[in-house]
Amino acid sequence: MQWFEQFLAAFLETGRNVMPIVIIIFFFQLLVIRKPLPHPGRTLLGFINILIGITFFLDGLKIALFPLGELMATQLTAPAFLNIPDSTAAIDWRNYGWVYLFGACIGFATTLAEPSLLAVAIKAEEISSKSINAWGLRIAVALGVALAIAVGTFRIVTGTQLYYYIVAAYAIIAIQTVFAPKLMIGLALDVGGVTTSTVTVPIVTALGLSLATTLQGRDPLLDGFGLISLATLFPGISVLAYAQLAEWRRKKRNSNHT
Amino acid sequence: MLSIKRFFKLIISSCFDLLPILVVVLVFQLLVIHQPIPNVADLIIGSLFVVLGLTFFMLGLEQSLFPIGESMANAFARKGSVFWLLLFAFCLGFGSAVAEPSLIAVAQKAADIAGAAHFIENSPRAKSDYALTLRLTVATAVGMAIVIGVLRILIGWPLHYFIISGYFIVTVLAPFAPAEIVGIAFDSGGVATTTITVPLVTALGIGLANSIKGRNPITEGFGLIAFASLLPMIFVMAFGIVT
């Protein structure tokens, strides 16, 4: 019974978050476009499915993955686990290899479970008549997030300024857009914002926060949060690189044929 | 019968989506940290919920969010009224951001930091005013972002000029904004992109690019989310400099 009440509460909360969007859609559909929805029954069913889906999804994350993710982040950043003898040696970045590796792996894995990215990848595959592969795109994005979390945890350990990393990433993307196939630029710049959502943000933030709390002289509020901003930029870089690579390979194949 | 088959297909693909997380968590917990899994029952039940959730979400996506976004884009394009289209775009962006729980959390955190640093009076009232102003700033930024993105699709300007100019503005503004605000600003970029908004906005962009002659949906249809994650950063930094 308690389980059911909890589910119902989560369902109502999701419904409340979705409400503004539903009201806007109905308002414009009925008063501006002035046509009934094409398939009202199916649309309503779809909305209910989405509500049920998000509720189950968030509830499941809260039951299984978030507590475990937080626990693992604390265990991995504990000086005892990392074999750091005393606090003066704590800031040496070479002691944190497992943290970077875990960050990269968990960033990669959570990105593959991100529902918004799934939606965009499916749409991209559909409109490109399968020349963009949904799984290929998602793996390229996941590699970008993995690199972002590894670099981001390194930044927290070394205590270097987030600003320089962001500007460097901007410069790389700006240069890439000049050379990359124009077809992919929009998609590549979109996916960064898409990936940082329901699964990735809580787990990655937990990692950043416990890392910043363990290290001396780091402010969890200021240092713990930069991971997400890197994770919105690096996927753009990796997807543009993937597009570039695919084009080179195609050109090479074509020149071999002639 | 067809939909039951589809349902099972979705369940299987959802399992594959969740599998990497479970592998990473189990390998690290058992082989690297050498600790047992604290609560196996919770892990199994939670994972089942996540798989079910993804499955229902994907079903609903195909039934409602994608078709609605595209059919509304088509209807607006046929109607030919740019004003109503842009108003719709603004409302969609503003409405999705203003009620977003993660934005509410970020704004509260920003108010706490500002209060502790004595930017503002350290009282609950001043802090809640500050948080509300910040939320409205971000929501306005997201609304404006979708408007600019839709205009770009209508006119057909290349996306990367906008984005690179945006990067340039962020690079120039960041050193002038208070350090505490810069962190919040970089974070605020991701808040607008929720699980509901992303499919809807993507379908809107692609639908628009599809219904305008001479636009390629891949080149022109994407890019709305890119604006929505860039503009809030600029607005929040400007907000930090002004206050």
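Because the structure is predicted, anything quoted here is derived from the model rather than measured.
Across Phe16(B), Phe168(B), Phe28(B), Phe76(B), the residue that shares the most heavy-atom pairs under 4.5 angstrom with chain A is Phe28(B). Per-residue heavy-atom pair counts under 4.5 Å with chain B were compared for Met19(A), Lys123(A), Glu13(A), and the maximum is reached by Lys123(A). For the set Lys79(B), Met58(B), Met72(B), the count of heavy-atom pairs under 4.5 angstrom toward chain A peaks at Met72(B). With respect to chain B, the highest number of heavy-atom pairs below 4.5 Å among Ile132(A), Thr232(A), Ile185(A) belongs to Ile185(A). When each of Thr219(B), Thr171(B), Thr202(B) is checked for heavy-atom pairs under 4.5 Å with chain A, Thr171(B) comes out on top. Ranked by non-hydrogen atom pairs under 4.5 Å with chain A, the options Leu92(B), Leu18(B), Leu59(B) are led by Leu92(B). Note on Leu22(B), Ile33(B), Ile44(B): by heavy-atom pairs under 4.5 Å with chain A, the leading option is Ile33(B).
Interface residue Ile21(A): only side-chain heavy atoms are found under 4.5 Å from chain B. Contact of Leu65(A) with chain B is made through the side chain alone, with heavy-atom distances under 4.5 Å. With a 4.5 angstrom heavy-atom cutoff, Val191(A) does not touch chain B via any of its atoms. At a 4.5 Å heavy-atom cutoff, Val182(B) makes no contact with chain A through either its backbone or its side chain. Only the side chain of Leu118(A) comes within contact range of chain B, judged by heavy atoms closer than 4.5 Å. With a threshold of 4.5 angstrom between heavy atoms, Ile164(B) approaches chain A through side-chain atoms but not through N, CA, C or O.
With contacts defined as side-chain heavy-atom distances shorter than 4.5 Å, the pair Leu52(B)/Phe57(A) does not qualify. Annotation: side chain of Lys182(A) is in contact with side chain of His160(B) (closest heavy-atom distance under 4.5 Å). Side-chain contact between Thr55(A) and Phe56(B): absent, with no pair of heavy atoms (C-beta onward) separated by less than 4.5 Å. At a threshold of 4.5 Å between non-hydrogen side-chain atoms, the residues Ile68(B) and Gln29(A) do not count as touching.
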Evaluation steps, side chain to side chain contact (heavy atoms under 4.5 Å, CB included), between Phe28(A) and Leu87(B)
CA-CA 10 Å; Phe28(A) 278 89; Leu87(B) 188 68; 4.0 Å; yes

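The aromatic rings of Tyr167(B) and Tyr170(A) sit parallel, their planes meeting at an angle under 30°, below the 60° perpendicular limit.
Under the rule for a side chain to side chain donor-acceptor pair (under 3.5 Å), Glu70(A) has no partner lying at least two apart in sequence or in another chain.
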